[in-house]
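In what follows, a structure is listed as structure tokens, so that the remarks can point back to it.
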Amino acid sequence: MMELQLHNTLTRKKESFTPLNPREVKMYVCGPTVYDRAHIGNARSVVVYDQLYRLLRHLYGPEQVLYVRNITDVDDKINIRAKEQGVTIQALTSEVTGWFHADMAALNTLPPNVEPRATENIPQMIAIIERLIARGHAYAAEGHVLFHVPSDPHYGCLSRRNRDEMVAGARVEVAPFKKDPADFVLWKPADAEDDPSSIFESPWGKGRPGWHIECSAMSSRYLGNDFDLHGGGADLMFPHHENEIAQSTCANEGSHFARYWVHNGFLTVNGEKMSKSLGNFITVRELLDRNIPGEAIRYVLLSTHYRKPLDWSEKAAEDALKSLDMFYSLLADYENDHKFFNYPSLEAMVHSEAFAETSTRDMVELLCNDLNTPAALALMHQTARALKQSQGRERERYYKQLRLYGMVMGLLRSDARSWLEKRGLLAAPVDVPAAVQQLAEQRLQAKLAKHWAEADRLRDAIRAEGFEVVDKPGNTYALEPVKP
Ligand SMILES: [Zn+2]
């Protein structure tokens, strides 16, 4: 098996990835808080970890990777939005979750194996909080339960911040019941006017969990206390991921929690931070509604290395569309010349072991270098150029190669002709009169019999009727209208 090299935030180094159990890779990614449409910054994180998931499935086998991504369906932002809209929390979160699934499917992302919801894991959160209290890492105060940061000597190991930076960076609420300004909330009391579906019973009274405890509870429920890989946006590194580590390692003696931490970089729009106040806040749905296909959005999101900042611009979207149009027109040309080629059967091949070792090897090797997606896309372009310039068996090989590379990248998943049609790049089919078809057939026969003069005469006769004969490989031809 090829060795996967991943940058581990814990060590700030590129390391070779070895799962605890080579038969089952376990990966957790922080999912959305479902109160609004996913924006392209959210989409970047989902696409990056989808690409990593696809690569792991490729390396270890599709059944050997367990991918858990949570849904945060209890949160202050959700409570506020539901109140604004005068709907129940459940109505809001189930509608937004549906939007999220549809938008992410449009980006060709695979669903995770488990997608737990916070509200369905409250007893697991309470159990961890109780363990933290019992072990002296947390305390109850005025209806709240807080994690006591100075009780964890390893706190800060991921973000490597010092104490002052941590307190400032967390923008922690100063509250009289806190023993230390850095202490963070594990459980908070309910407000009297909260929607009943966001209020839960606990040993500390009615309330709801803090955000960080969710991920500790859901990862350990589905992946165990120790698992292989934890992903999320770089903005979650502190305090969210730092707090997850503190909660999980302090609640479970001897646990190291996740072994590899992967963080994707920020996304900007035309060089600026995306924000509602700047008016440059772009949702995935808006782009899809503007007829920018999900595949083009995915292409842009993979065109920059995942750890680097990515700038979204109209130009980037146009370039992605240009590349995809070019790929699809080459694929359509080939499929047009080989009418009986059944490309969906390639789908089965891409996950077969023999294939993983041969046809996609060059691309997998690039991805194994810390998920180098820009290099993988460059390889697709190189293959497209080779497809354009080749003939016969060579051409078939490059055609399959390009389709397979597309499958590894979650790209080129549309039917080539329908893509070109939707993009307005397909000339309308022309009715060729029967008489012209007959002349063309006679010309082919003349050509096969090497009656060149007769073949030339027939070509001129066809041209006089307004059509051009274009010879194709394998003694076939196409009839195209003469260009004015
Ligand atoms: Zn999380």
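Along the sequence shown, residues carry numbers from 1. Remember, it's a predicted structure, so these values are computed and weren't measured experimentally. Both counts, for ligands and for their atoms, begin at 1 and track the order of listing.
- The one candidate from D75, D76, D73 that meets the salt bridge (charged side-chain N to carboxylate O under 4.0 Å, His left out) condition with R208 is D76.
- For residue H212, no N/O/S atom approaches the Zn ion (ligand 1) to within less than 2.8 Å.
- The residue from Y67, Y60, Y28 that alone fulfils the ring-ring contact (aromatic ring centres under 6.0 Å, His included) condition with Y53 is Y67.
- The Zn ion (ligand 1) lies closest to atom OE2 when only the N/O/S atoms of E244 are considered.
- Ring-centre distance between F227 and F257: below the 6.0 Å cut-off.
- Rounding to 10 degrees, one finds that the Zn ion (ligand 1) sits at the corner of an angle of 130° between C215 SG and C30 SG.
- Under 4.0 Å is where a charged nitrogen must lie from a carboxylate oxygen, and between E253 and R135 at least one such pair does.
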